[in-house]
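Worksheet: the structure to be examined is printed underneath.
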Amino acid sequence: MQGNGSAGVVGNGNGAGEDLRIGVFICHCGGNISDVVDVKRVAERIRKLPGVVFSDTHNFMCSDPAQAMIEEKIKELNLNRVIVAACSPTLHALTFRRTLERAGLNQYLFEHVNIREQVSWVVEDPEAATRKAERLIRAAVKRIGHLAPLDKRRIPVHRSALVIGAGVAGLVAARDLAKCGMKVDVVERSPFIGGRMAQLGKVFPTGEDARPLLSKLIQEVVHDPNVTIFTSTEVLSSVGIVGDFRTKVRTTPRGVDARLTYVGNAIAACPEETISEFNYGLTKRKAIYMPHPNCYPQMPAIDWGTCTKCGKCLTAVGGKGIDLKDEPREVELHSGVIILATGYDPYEPLYGEYGYDVFPEVITLQQLWRMLDWEGPTGGQIQRGGKPIKNIAIIHCAGARQYQGISMPQPDGKVKDYCARTCCTAALHASLEVKERWPEINIYDLHQDIRTYGRGHEDYYKHASEAGVTFLRFDGHDLPKVEKDLRGEAPLVVKVIDQLTNGREIEVPADLLVLATGVVPHDISELIDMYKCAIGYDSFLLEVHPKLRPVELAVTGVFIAGSCQGPMDITECTAAAAAAASKAAAMIAHGQVEMEPFIAQVNEELCTGCRTCLVVCPYDAISRDESRGIAVVSTAVCTGCGTCAATCPSNAIVQLGFQDDQVLAELNALLDREAALVL
Amino acid sequence: MTTPHVKTAEGFKRISIDPITRLEGHGKIDIFLNAEGEVADCFFQVPELRGFEKFCEGRPVEEMPRITPRICGVCPEAHMMASAKACDAVYKAELPLTAKLLRELQYNIFFVTDHTTHFYALAAPDFVMGPDCDPAIRNLIGVIGKVGLEIGGKVIKCRAEGHEASKIFGGKPVNPVNAIPGGMSKPLYPEERNRIEEIVVDMVEFAKFSMQLFEDVVLKNPQYLDLILNGPYIHKTYSMGLVDEKNRVNFYDGKVRVVGPDGKELVKYEPRDYYKHIGEHVEPWTYLKFPYLKAVGWKGLVDGLDSGVYRATPQSRLNVAEGMNSPLAQEAYERYFETLTNDRSGHTPVHHTLAIHWARLVELLNAAEHSLELVRHPEITHPENYRVVCTNVPSEGVGIVEAPRGTLTHHYVTDERGIVKRANLIVGTTNNNAAICMSVKKAAQGLIRKGVEVKEGTLNMIEMAFRAYDPCYGCATHSLPGQMPLIVRVRDVDGTVLSETTRN
Amino acid sequence: MSTNGSEKKKVAMYWAASCGGCDISLLEIGPRILDLTAVADVVFWPVAVDFKYADVAAYPDEYIDYCFYNGGVRNSEQEEVARLLRKKSKTLVAYGTCACDGGIPALANLKSKQGIFEAAYLDNPSTVNPAKVLPQEITETPVGQLEIPKFYDQVLRLIDVVEVDYLIPGCPPQADRVWEAILALVGGVVPPRNKAVKVACTDKSVCDECKREKRKVKIKEFKRPHQVRPEPEWCLLEQGLICMGPATRSGCGALCTNADLPCRGCYGPSGTVEDQGTAMVSAIGSILDVTTEEQARAMLNQIADPTGTFYRFSLGSSYLKARK
Amino acid sequence: MADQVMTADVSTRASATFEPRIIGFLCYWCSYTGADMAGTARMKYPPNIDIVRLMCSGRIDPELVATAFAKGADGVLVCGCHIGDCHYMVGNHKTMVRIPLLQRVLREMGIEPQRFRLEWVSAAEGARFQKIVREMTEQVRQLGPLNWPGLMRSRGVGHGMDLKPWGEV
C-alpha cells in the first residue's frame with residue numbers, strides 16, 4: 001500500500017515541491033486540555049520535529065484573536081501546512097479551515113488533532129495524557145506532509161424544487177419555497193391534497209378545528225403562481241444529481257372536470273362502494289367520491305380501482321363533466337432540489353392485538369377522532385354495537401415502545417420499539433373531549449408513561465386528571481389483557497397489573513376500548529431506492545445528523561420534511577418543513593452546491609476494470625467506461641465514504657483526504673520507535 | 001557448500017562433489033578416502049526439505065492437485081494425477097469413462113515429453129559424445145552437432161508439441177491445473193482432439209526414430225555395450241512398478257507389483273495398502289528418506305534378496321511387467337530382455353543400471369503408441385462425461401501413478417468438509433534414494449583407486465551412475481552447453497584443500 | 001536479436017527453494033534459447049552448465065550482467081548463494097513467484113519448523129523411525145562429519161536477504177513474457193534499477209485478461225470447484241467459486257480460467273498492492289449478497305480455507321509473512 | 001537536556017510494565033462521535049488506544065489492519081455504525097464481512113482473537129466505547145507484547161532491501 005507522495009517534500013502545497021513548513025497550534029481550551037495535558041511541553045517537543053517551523057499554545061484557539069494569530073503566522077512564516085490540536089474536529093475543523101482560507105492557504109492542507117474529547121477528558125494520568133497528545137500530534141505532522149490541496153466540488157443548481165407529498169408538511173415547504181420566488185412542483189399520490197390533518201378534527205395544543213387551518217394553508221399554496229400541484233400523481237423514476245434532477249411522474253386522470261355541476265347526483269348514482277380511507281373504515285364511499293365535504297379540490301374524483309365504468313354517473317349528470325377514460329399521462333419534471341414529505345400512516349394493530357379485529361368494541365384513536373367529528377361518520381356520536389357507552393378504556397403505546405419477545409412481532413419480525421410521541425397528548429385530548437361532552441362516561445387511561453412533552457401538552461394531562469379520567473400504569477413487559485367480560489357488566493374487561501397501586505391486578509370494564517396507536521412511515525420503498533435514502537432502525541428516513549443537519553439526507557440536494565422522518569405533531573411537521581424549505585431555497589439561491597472534496601478517484605493506469613467497485617458503491621456513483629475498460633467515478637454523486645477505495649483489489653481507487661499513503665503515514669508515526677518512547 | 005570447519009576423521013581424506021544439481025534442494029556427494037587412497041565410504045546427500053506434508057494440512061483436498069505439482073515443476077503432471085486420484089478416492093468418486101481416458105491420454109503424452117527430455121538432454125551426450133570426451137561439447141548442442149540439426153529439430157519439436165498438448169489439456173504448459181476430484185475441469189473439444197492426434201502421430205514416429213538411434217549409437221558400440229553389461233553399475237535389487245490386470249506396464253493406473261532380484265513376485269498391492277508394504281527409513285545426514293519393503297526389512301545400504309532396498313525406474317517397471325500394452329513397444333520389450341537376459345519373456349529381471357536408458361526408450365515408444373489408441377477412442381470428446389460432481393462425504397484416499405522417475409504415492413486424510421488433516425507423499429526419486437546412494441558409492445569405489453589421479457571424466461562416470469535414474473535433480477542437466485557443475489576437493493584431516501579437480 | 005553493446009552479455013540462472021518449473025519455463029522459449037546463447041554467455045546455471053560456486057566466487061564483483069534467481073530462501077545455503085550472486089551481479093532478477101513472493105513453499109510459513117519435521121520424519125504412516133532420528137546439520141561418522149544446510153524457521157523471499165533489481169513473477173513465468181523481458185534486458189531497454197520493479201507482467205489484474213463475462217451480480221453462495229460445473233462463459237467468482245483473479249497480477253494470459261478453473265493468484269498481488277490476501281479479503285467483503293451479520297457469518301463459513309487460498313502464492317510478501 | 005531526562009524516564013517506565021499499543025479505526029459518523037461522547041461525559045479509559053479516523057467503516061481496508069499489526073500494534077479495534085444505521089446506507093455491510101473474514105485469517109497467523117476486535121458503536125454509546133477500550137486494553141495487557149517486527153527480524157525477514165512494511169512510508 002504505497003500510494004503517492006513522500007514525507008519529506010510537499011506534493012505541491014501552494015507552490016509545487018517546496019519544503020514542508022508546518023505550523024502547530026495547541027489549544028488549552030481554558031484549562032479543559034491544559035489542566036491535564038502539559039501543552040507547553042508538547043509544543044516544545046513537537047517544535048523539534050522535521051518540517052515544523054512553528055509550534056505554540058493558546059488559551060482558546062477558536063477565539064478570534066487566536067485565529068487572527070494563526071492567520072498572521074501563516075503569512076509571516078509562510079506556513080504551507082497547519083495543525084490545530086484542540087477539541088473534536090466535529091466541532092471546529094470548519095472554523096480553522098476557514099482561517100486557512102482567509103490566510104490564502106488551501107483549507108485542506110490542515111489537520112485537526114482531537115486532544116480534548118479523546119485525551120484530556122478521558123485520560124486520568126496527566127503524564128500519560130501528555131504523551132498521548134504528543135503522539136497524536138506527531139502522527140498529524142507525519143500525515144500532513146502527504147496532503148495535497150483540494151477544491152470543494154461546485155455544481156450548478158436548477159432554480160426549481162420538487163416536493164413529493166402534499167400533506168401539511170409538503171404544503172408548508174412548497175409555500176415557503178414559492179415565497180422565496182422559487183418554482184415548485186408538488187406531487188401528490190391521492191386525488192386530494194392536505195394529507196391527514198383533515199382527519200384529526202381538533203388539533204392540540206390550541207384545540208382549534210383542523211380543517212379551517214388547513215384550508216388557509218391550501219389557499220396560500222394553490223394561489224401562488226410559482227406552485228404547480230400534480231394530484232393523482234406518482235413518481236416513476238428519477239435520474240440525475242443535485243442541481244439537475246429529472247423526475248418522471250405519472251398522472252392518472254381525475255375522471256371529473258370543472259363542468260360537473262350535479263356532484264350529489266353523480267355520487268348518488270354510483271353503484272360501486274368501497275371502504276372510506278378517510279374515516280378509517282368506519283363508513284363506505286362510492287367509486288366517484290369526495291373524502292369529506294370540504295376537501296380540496298372541491299370536486300370529486302373517480303377511484304379507478306373501484307369504478308366499473310358502468311356510466312350511471314354520466315347519465316345522472318347529463319353527460320357533462322365526467323370522462324371515464326383513464327389513460328394516465330407521463331411528464332418529466334426538472335428540478336434542482338427535492339423535498340420528501342411523504343408523511344406517515346397510523347399503526348394498524350395486528351389481528352388479535354388487544355382484541356383488535358376480534359371484538360367490535362376495540363377501535364383505534366384515529367377512529368375515535370373520526371367519531372368525535374361533528375361532520376364525521378357518526379355525526380359526533382360515540383357508538384359501537386348500538387349500546388350506550390358507559391366505560392371507555394384507552395391503552396397507550398399500541399404499536400409503540402414494544403419489547404422484543406413481549407409484543408407480537410410485525411411481519412418483518414421486529415417490534416415497534418420507538419415512542420410514537422404524538423399519541424399520549426392526542427389520547428388525553430380525546431379523553432377531555434369525551435369528558436366535556438359526556439361527563440358521565442368513565443374513562444380508564446392505561447399507559448406506560450405519559451409523555452406530554454410539548455408546550456401546553458402537559459395541561460391536557462392536568463385537565464384530564466381533574467376531569468376524573470382514571471389513570472392506570474402498566475409495565476411494557478407485562479401488557480394489559482383484553483377479554484370478554486363474562487359477568488356481562490360490559491362487553492369487555494381489560495386486566496392490567498397497575499404500577500401505581502404497586503402491581504395490583506385491576507380489571508377495567510370497557511364498552512369501548514380505544515387503542516392509542518403509534519405511527520409508522522408511509523410505504524415509499526421505491527422512492528428510497530430511487531434517491532438512495534438512508535433509513536433508521538425505526539425505518540423512518542434518516543437525516544445526516546440530528547443536530548447539525550437535521551433535514552438533509554446524505555444524498556446532496558434531497559431534503560426531508562415532516563413525519564416521513566419520524567413521529568411528529570403538526571407543529572413539528574411545519575417547523576421541519578420550513579427548515580427543509582429554507583435549506584433548499586438557500587441551495588437554489590446560491591445557484592450552486594459546494595461539496596466536500598473527499599471523493600473517490602480512479603487511477604486509470606492501475607484500474608483493471610474488474611468491476612468489483614461497481615457493486616460496492618451504495619450510490620451507483622461508479623460506472624464502467626466500456627471503451628477504455630476502466631471504472632469512472634461521478635464526482636457529483638460520490639458521497640465520499642471511501643468504501644470503494646478499501647475494496648479495489650488493485651489499489652486503483654483512492655479517497656482524497658484519506659489516501660492510503662496519508663493514513664499509513666499516520667499509522668507509522670503512531671507505531672514507530674519514537675512513538676513507543678512516548679507511550 | 002560444505003563449510004571448511006567440518007571435520008574429517010584422522011587418517012581419512014574427503015572428496016566433496018558439490019553441488020551436483022538441484023531439485024528439492026541439491027544433491028551432494030562426499031567421498032572419504034583412506035590412507036591408501038581407496039574409497040572408505042561415500043555419502044550421497046539431499047540437503048533440502050520443503051515440508052509439503054505439513055503445510056498441506058488445513059488446505060481443501062480439491063486444491064491438492066493444484067498445490068502438489070510445485071513439489072516438482074519438471075514432472076508436475078505426475079503429482080497432479082496422483083493427487084487427483086487420491087482426491088477421487090477421498091470423495092469415493094467413480095470416474096466416467098471419458099474422464100479416465102482424458103487423464104490417461106494427457107499423462108501418456110507427458111511421459112513422451114519427459115522421457116524425451118531426459119534421454120536427449122541428459123543421457124544421450126554421455127553415449128553419443130562419450131563419457132570422457134571434452135566436457136565443453138558433451139551436451140545437447142554437441143549431440144546435435146554430431147548427429148545433425150535435423151535430429152535436434154525433432155527433439156525440440158517433440159518437447160514443444162508435448163507442452164502444446166499439455167496447454168490444450170491443462171491450461172498451463174508448466175504446472176497444469178486441470179485434473180480435479182471427479183475428472184477433468186473441461187472436456188476435450190473435437191478441434192482440440194484433432195490437434196492432439198496430429199501431435200501424437202508425430203510422437204510415435206519420433207519414438208521409433210529414437211529407438212533406432214539408441215540401436216545405432218549405443219548397442220552397436222561394443223565399448224558401450226560392455227560398459228552397460230559389465231560396468232560398475234549393477235545392483236540386484238527388488239523392482240517396483242504399476243501394472244494393469246494383465247500385468248502389463250501402465251503409467252496411470254493399476255496395482256503396484258513388486259518382484260525380487262530373482263524375478264519372483266513378492267507382492268501386488270492396491271494403492272490404499274501402500275503403507276503396509278512400504279516403510280521409510282530416516283538417516284540424520286540427509287533430508288531425503290529411504291523407502292524400503294517392510295516384508296524384507298531395512299538392512300542398510302545393501303542390495304540382494306535379503307535387503308528391503310528396491311528400485312522404481314523404467315527398468316523396474318519392465319522387470320515387474322510381463323509385457324507392454326502396444327505392439328511396437330512389445331517388440332522392443334522382448335528385444336530389450338533378450339539382449340540383457342537372454343529371456344525375451346521378461347521374467348528374468350534386468351539389473352544393469354545404465355540399461356535404464358534403454359528401458360526408458362521402450363516406455364517412450366509405449367506411451368506414444370498408447371496415446372494414439374486413446375486419442376482415437378470414440379468417447380474421448382464426450383461433452384458431459386469429462387467429470388462427475390463429487391457429492392459423497394470425503395474421508396481418506398490414496399492415489400498412485402508411475403512418475404517417469406518412479407512410483408509416486410499421494411495419501412490424504414480429510415475431515416468431513418474435505419479439509420486435509422494428514423498428508424503423506426512418497427515421490428519418485430525418493431524410492432530410489434538407497435539405490436542411488438549405492439550406485440554412486442559403487443561407482444566411486446570402482447573408479448577411484450589407489451594412486452590413480454581423479455580426472456574430470458572419472459567424475460562424470462560417477463555422475464552417470466545416478467543420472468541413469470533420471471532423479472529429479474537431473475531433469476534438465478545437459479540441456480545447454482556444458483554439463484552439471486562438479487568439483488572434487490581432496491582435503492586433509494583438518495579440512496584444508498590439498499588438491500582441487502574440476503572439469504575445465 | 002541484437003545487443004546495444006558490442007561484446008556478449010553474461011547471464012546466470014540459479015535454482016533455490018522451488019520446484020524447477022522456473023528452469024523448465026525458461027526452456028519453454030524453445031529454439032529461441034539458441035538466439036540467447038548467440039548474444040549472451042551463460043556463466044552460471046547449475047542445472048545446465050558447468051560452473052561452480054568456486055568459479056562464481058572467483059569472478060570479479062558485478063561480473064555477471066543479469067542473474068536470474070528462482071526459488072525462495074529456505075535454508076542457509078540458499079542465503080549464502082543469494083549474497084554471493086548479488087555481489088557478483090550487476091542486475092539481480094528474482095525469477096518466478098517463489099523468489100518474488102515466497103510461492104507455494106511459503107505456505108509452510110503457516111506451520112512451525114518442528115511441525116514440519118514431525119510430519120516428515122516422525123508422525124507419518126509410512127515412516128518407520130522408532131529411534132526418532134531427525135536430520136542434523138552435522139552428523140558424526142567414523143570417517144568424519146557430514147553437513148547439510150540449516151533449515152530456516154520460515155521461507156524468505158529473495159528481497160528479504162539481498163537487494164533486487166527486477167522481479168519476474170509467475171508460477172512459472174510465461175515463456176513469451178519472459179522472452180520479451182530478456183530481450184528488453186539484454187537489449188538494454190530497462191526500467192529503473194534497484195527498485196524491485198516487476199517486469200514480464202502488467203500492473204493490471206487477471207480479470208483484465210480473463211475472457212469470462214462479469215454480470216455485476218452479488219454472490220449468494222460459495223461453492224468449491226469439485227462441487228459444481230461452472231457456466232462456461234461467466235465469471236467464476238460471480239458463480240460463487242473463489243477466484244483470485246481480481247487480486248492477482250496479470251501476465252499469465254488467464255490460463256486457468258480458460259480451463260474453467262478459478263485463478264489461484266500465482267502472479268502475486270497486482271497494481272501497487274503488496275498484500276494479496278488482504279486485498280482479496282476486501283474484494284470478497286464487497287460482493288456478498290448479505291444484509292445481516294448472521295447471513296454474513298453463514299456465507300463466510302462456506303469459504304473452506306481463506307488463508308491458504310488468498311495467500312496461496314504470496315505469503316512471503318504478505319505484511320505478516322508467517323505464523324507467530 | 002529535558003529530552004534526555006524524558007527518554008530515560010520513559011525507558012525505565014517501558015521496562016517496568018508492558019503498555020499495549022492499540023490502534024482504533026473508527027468511522028466518523030457513529031463511532032468517532034461515540035468516542036467524543038465518552039469524552040464529553042468525562043468517562044475515563046486507558047491511554048493505550050490511538051484513534052485513526054475514517055469516514056466510514058467501509059473504508060477500513062484489511063490492509064490497514066494487517067499493516068498495523070505488522071508495524072508493531074499489540075491490538076486493533078475496528079468500530080462502525082450499528083448495522084442498519086450506516087450513514088452511507090450499507091458501508092458497514094462490507095465491514096461486517098471483511099473484518100470477520102480477516103479475523104479468521106489473522107487467527108491462523110497466530111494472532112489471538114482478543115487482539116483484533118470489531119464492535120458497533122453508535123454516536124450515543126460513549127459508555128459502551130469506554131467499556132470496550134478498558135476491557136480490550138486489559139485483555140491485550142494479559143496477552144503481552146506481540147512485537148511482530150521484532151519477531152520477523154529475528155527470523156531474518158527484511159535484511160535485504162525489503163524494509164517494508166517496517167520502513168517509513
Side-chain angles (χ1 to χ4, degrees), chain C residues 73 76 79 82-83 86 109-110 112 152-154 156-165 194-196 273-275 277-297 299-301 303 305-311 315-324, chain D residues 57-71 73 82-84 86 89-112 115 118 120 143 145-149 151-166 169:
Chain C
V73 176
S76 53
E79 178 168 359
R83 296 188 182 287
R86 170 72 278 185
N109 291 5
L110 292 173
S112 70
Y152 283 169
D153 293 319
Q154 70 188 56
L156 306 176
R157 301 167 297 167
L158 186 55
I159 61 172
D160 283 323
V161 295
V162 294
E163 290 204 342
V164 176
D165 302 308
N194 306 318
K195 292 209 166 56
V273 178
E274 287 173 23
D275 190 306
T278 51
M280 194 59 191
V281 171
S282 313
I284 294 284
S286 316
I287 54 180
L288 301 201
D289 187 7
V290 294
T291 53
T292 69
E293 289 184 272
E294 293 65 33
Q295 293 170 342
R297 226 172 283 118
M299 273 198 76
L300 291 180
N301 288 337
I303 303 178
D305 171 26
T307 317
T309 309
F310 302 165
Y311 288 118
L315 199 58
S317 289
S318 70
Y319 283 141
L320 294 176
K321 304 228 176 331
R323 198 177 199 294
K324 196 172 88 186
Chain D
S57 63
R59 170 66 182 90
I60 299 168
D61 190 330
E63 274 182 297
L64 289 173
V65 178
T67 312
F69 281 117
K71 289 178 186 293
H82 287 272
I83 297 302
C86 179
M89 301 196 303
V90 290
N92 56 2
H93 284 202
K94 317 295 179 298
T95 319
M96 83 181 172
V97 177
R98 281 181 193 141
I99 300 304
L101 184 53
L102 185 63
Q103 281 171 326
R104 247 176 98 186
V105 172
L106 296 194
R107 216 169 297 145
E108 199 161 343
M109 301 291 253
I111 293 177
E112 302 85 348
R115 292 190 189 270
L118 167 64
W120 310 122
L143 288 171
L146 190 58
N147 186 15
W148 207 272
L151 176 71
M152 285 304 140
R153 287 210 192 82
S154 73
R155 294 190 190 169
V157 178
H159 284 166
M161 70 188 293
D162 175 47
L163 295 171
K164 297 185 269 50
W166 295 284
V169 170

C/Met299 vs D/Val97 side-chain heavy atoms within contact, under 4.5 Å: no
Nearest-0.5 Å distance, CD of residue C/Glu274 to OG1 of residue D/Thr67: 8.0 Å
Trace of the side-chain contact (heavy atoms from CB on, under 4.5 Å) decision for D/Leu106 with C/Leu320: CA-CA 9 Å; D/Leu106 296 194; C/Leu320 294 176; 3.4 Å; yes
Contact class of C/Leu288 relative to chain D, heavy atoms under 4.5 angstrom: side chain
Note, C/Lys324 side chain near D/Glu112 side chain (heavy atom, < 4.5 Å): yes
Any residue meeting salt bridge (Lys or Arg N to Asp or Glu O under 4.0 Å) with C/Arg323, in chain and number order, not counting sequence neighbours: none
Proximal component of D/Ile60, with respect to chain C [non-hydrogen, under 4.5 Å]: neither
Heavy-atom side-chain contact between C/Val290 and D/His93 under 4.5 Å: no
Engaged part of C/Ile303 at the chain D interface, taking heavy atoms whose separation is under 4.5 Å: both
Inter-residue atom distance C/Ser282.OG - D/Leu101.CG, 0.5 Å rounding: 9.5 Å
Min side-chain heavy-atom separation C/Leu315-D/Met109 under 4.5 Å: yes
C/Glu293 side chain reached by D/Trp120 side chain, heavy atoms, under 4.5 Å: yes
CG-OH distance between D/Leu64 and C/Tyr319, expressed to the nearest 0.5 angstrom: 8.5 Å
Taking every non-hydrogen atom, the tightest pair across C/Leu300 and D/Pro100: CD1-CB, 3.8 Å
Atom of C/Asp275, atom of D/Glu63 and distance for their closest heavy-atom approach: N-OE2, 4.0 Å
Heavy-atom contact with chain D under 4.5 Å, split by part of C/Thr292: backbone
Part of D/Leu102 within contact of chain C (heavy atom distance under 4.5 Å): both
Segment of D/Ile111 engaging chain C (4.5 angstrom heavy-atom cut-off): side chain
Step-by-step side chain to side chain donor-acceptor pair (under 3.5 Å) determination, C/Ser286 to D/Arg98: CA-CA 8 Å; C/Ser286 316; D/Arg98 281 181 193 141; 2.9 Å; yes
Atom pair CZ/CG of D/Arg155 and C/Asp153 - distance to nearest 0.5 Å: 5.5 Å
Set of side chain to side chain donor-acceptor pair (under 3.5 Å) partners for C/Thr309, sequence neighbours left out: none
Contact winner vs chain D - C/Ile287, C/Thr291, C/Ile284, heavy-atom pairs under 4.5 Å: C/Thr291
Side chain proximity check, D/Pro62 to C/Met280, heavy atoms < 4.5 angstrom: no
Interatomic spacing from CG in C/Asn301 to CZ in D/Arg104 - rounded to 0.5 Å: 6.0 Å
